[in-house]
Amino acid sequence: MLDVAVITATSPEGRSGANVSRWFLGRAGRREDLRLDLVDLNRIPLPPFHPGRPPSGTDGATRALAARVGAADAFVVITPEYNHAYPAVLKLAVDAVREEWAAKAVGFVSYGGQSGGLRAVEQLRLVFAELHVVSVRDTVSFHRVERQFDEAGEPVDPAGVDGAAKVLLDQLIWWGTALREARAARPYTV
Ligand SMILES: Cc1cc2nc3c(=O)[nH]c(=O)nc-3n(C[C@H](O)[C@H](O)[C@H](O)COP(=O)(O)O)c2cc1C
């Protein structure tokens with residue numbers, strides 16, 4: 001059983017992001033090889049600036065986020081794309097935590113207009129590398145996301161996206177398990 005924090009950076013008002021998150025949590029929740037913790041960044045009032053580099057910040061919201069990141073073996077980030085990047089709330093969360101990220105795995109579910117969030121994901125790979133996080137190759141991306149869910153909030157191509165989610169989670173579990181075993185055998189120092 002792998003502990004996976006699913007970190008969502010979706011707008012609280014937007015329907016598209018809610019559909020993506022609900023769909024992904026539903027599919028991932030069916031698996032018996034992982035335990036999910038939903039980290040909804042809209043519910044975490046992080047301070048807009050961080051006082052310094054390590055360790056992670058000391059305010060209550062940051063400490064609570066750091067504890068949840070620390071308890072996870074792997075992460076899935078669900079993100080839209082704004083102006084060819086990922087939203088600021090996500091950068092705030094990434095920067096708020098330091099060593100709790102290290103030597104773990106991350107996978108991405110993205111959505112947007114024409115690009116489906118792919119540019120946001122490529123930037124996130126660079127940012128997570130700085131934090132010693134391994135990003136898995138395959139992603140799930142919803143291009144023109146407003147057309148990808150029906151009135152009931154179900155994906156219009158369930159076979160395609162369910163298959164992509166399975167590949168993503170299989171890779172995440174491989175890396176997450178390997179890194180958990182490695183951390184236990186030999187502590188990773190940042
Ligand atoms: C300010 C803004 C900038 C956007 N920039 C992009 C972009 O660069 N590439 C893209 O594919 N979609 C872009 N979009 C479309 C959003 O990714 C899409 O509407 C998405 O559903 C927004 O997610 P949200 O509902 O969680 O806010 C942009 C939307 C907004 C509001």
Side-chain angles (χ1 to χ4, degrees), residues 4-30 34 36-50 61-62 64-65 68-69 72 74-97 101 105-131 133 135-169 171-172:
V4 176
V6 179
I7 301 169
T8 66
T10 63
S11 159
E13 281 118 38
R15 214 177 53 147
S16 300
N19 282 337
V20 173
S21 295
R22 195 179 329 103
W23 161 79
F24 182 77
L25 288 164
R27 296 307 183 272
R30 290 180 194 166
L34 46 85
L36 302 178
D37 176 24
L38 173 59
V39 180
D40 180 352
L41 295 181
N42 286 304
R43 295 175 183 274
I44 301 179
L46 293 171
F49 298 103
H50 303 297
T62 302
L65 177 63
R68 294 171 77 180
V69 169
F75 315 102
V76 173
V77 173
I78 302 179
T79 185
E81 179 169 306
Y82 295 148
N83 297 320
H84 294 197
Y86 54 91
V89 67
L90 184 52
K91 187 65 162 61
L92 205 54
V94 168
D95 294 345
V97 178
W101 293 115
V106 65
F108 302 105
V109 175
S110 67
Y111 61 97
Q114 198 144 13
S115 85
L118 294 177
R119 289 172 291 219
V121 168
E122 292 309 307
Q123 293 181 33
L124 282 166
R125 290 186 194 279
L126 298 175
V127 171
F128 275 110
E130 169 64 9
L131 291 159
V133 183
S135 68
V136 304
R137 176 185 182 277
D138 287 69
T139 67
V140 186
S141 57
F142 289 91
H143 302 247
R144 298 219 172 278
V145 64
E146 71 281 0
R147 302 181 190 168
Q148 300 302 325
F149 291 85
D150 63 20
E151 280 302 309
E154 291 297 320
V156 297
D157 172 25
V161 290
D162 287 3
K166 180 181 182 323
V167 172
L168 162 65
L169 287 170
Q171 291 177 7
L172 189 78

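Each ligand, and each atom within it, is numbered from 1 in the order the structure gives.
Here's the thing with R15: none of its N/O atoms is less than 3.5 angstrom from an N/O atom of ligand 1. The shortest N or O to N or O distance between T10 and ligand 1 is not below 3.5 Å. At a 3.5 angstrom cut-off on N or O pairs, G113 counts as close to ligand 1.
Using cut-offs of 30° and 60° on the angle between ring planes, the pair F128 and F108 is tilted.
Checking side-chain atoms of W101 against main-chain N and O of V133 turns up no donor-acceptor pair under 3.5 Å. A donor-acceptor distance shorter than 3.5 angstrom exists from the side chain of Q123 to the backbone of H84, with no hydrogens or angles considered. Between the R68 side chain and the L38 main chain, a donor and an acceptor come within less than 3.5 Å of each other. Without hydrogens or angle criteria, E81 side chain to S110 main chain gives no donor-acceptor distance under 3.5 Å. Side-chain atoms of R125 come within 3.5 Å of backbone N or O of R137 as a donor-acceptor pair. Under a 3.5 Å cut-off, the side chain of N42 and the backbone N or O of T10 do form a donor-acceptor pair.
For atom 23 (O) of ligand 1, the choice among Y86, F142, Y111 with the nearest heavy atom turns out to be Y111. Comparing E81, E13, Q114 against atom 9 (N) of ligand 1, the shortest heavy-atom distance belongs to E81.
From the protein, the heavy atom lying nearest to atom 18 (C) of ligand 1 is G112 CA, 4.1 Å. If you check which protein heavy atom lies closest to atom 25 (O) of ligand 1, you get G14 CA, 3.7 Å. Nearest to atom 5 (N) of ligand 1 among the protein's heavy atoms is N83 N, 2.8 Å. Closest protein heavy atom to atom 30 (C) of ligand 1: Y82 CD2, 3.7 Å. Protein heavy atom in closest approach to atom 8 (O) of ligand 1: H84 N, 2.8 Å.
Atoms of ligand 1 lying under 4.0 Å from any heavy atom of V145, numbered from 1 in the order shown and given with element: 21 (O). Less than 4.0 angstrom separates some heavy atom of S16 from each of these atoms of ligand 1: 21 (O).
Under 4.0 angstrom from ligand 1, the non-hydrogen atoms of S115 come from both its backbone and its side chain. Of all the heavy atoms of P80, the ones lying under 4.0 Å from any atom of ligand 1 belong exclusively to the side chain.
Here the closest heavy-atom approach between residue G116 and residue S141 is recorded as O-CB, 3.5 Å.
Under a 4.0 angstrom heavy-atom cut-off, R119 registers as being in contact with ligand 1.
Close placement of the F142 and W23 rings is indicated, their centers lying within 6.0 Å of each other.
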Stepwise, does the side chain to side chain contact (heavy atoms under 4.5 Å, CB included) test hold for Q114 with H143? CA-CA 5 Å; Q114 198 144 13; H143 302 247; over 6 Å; no
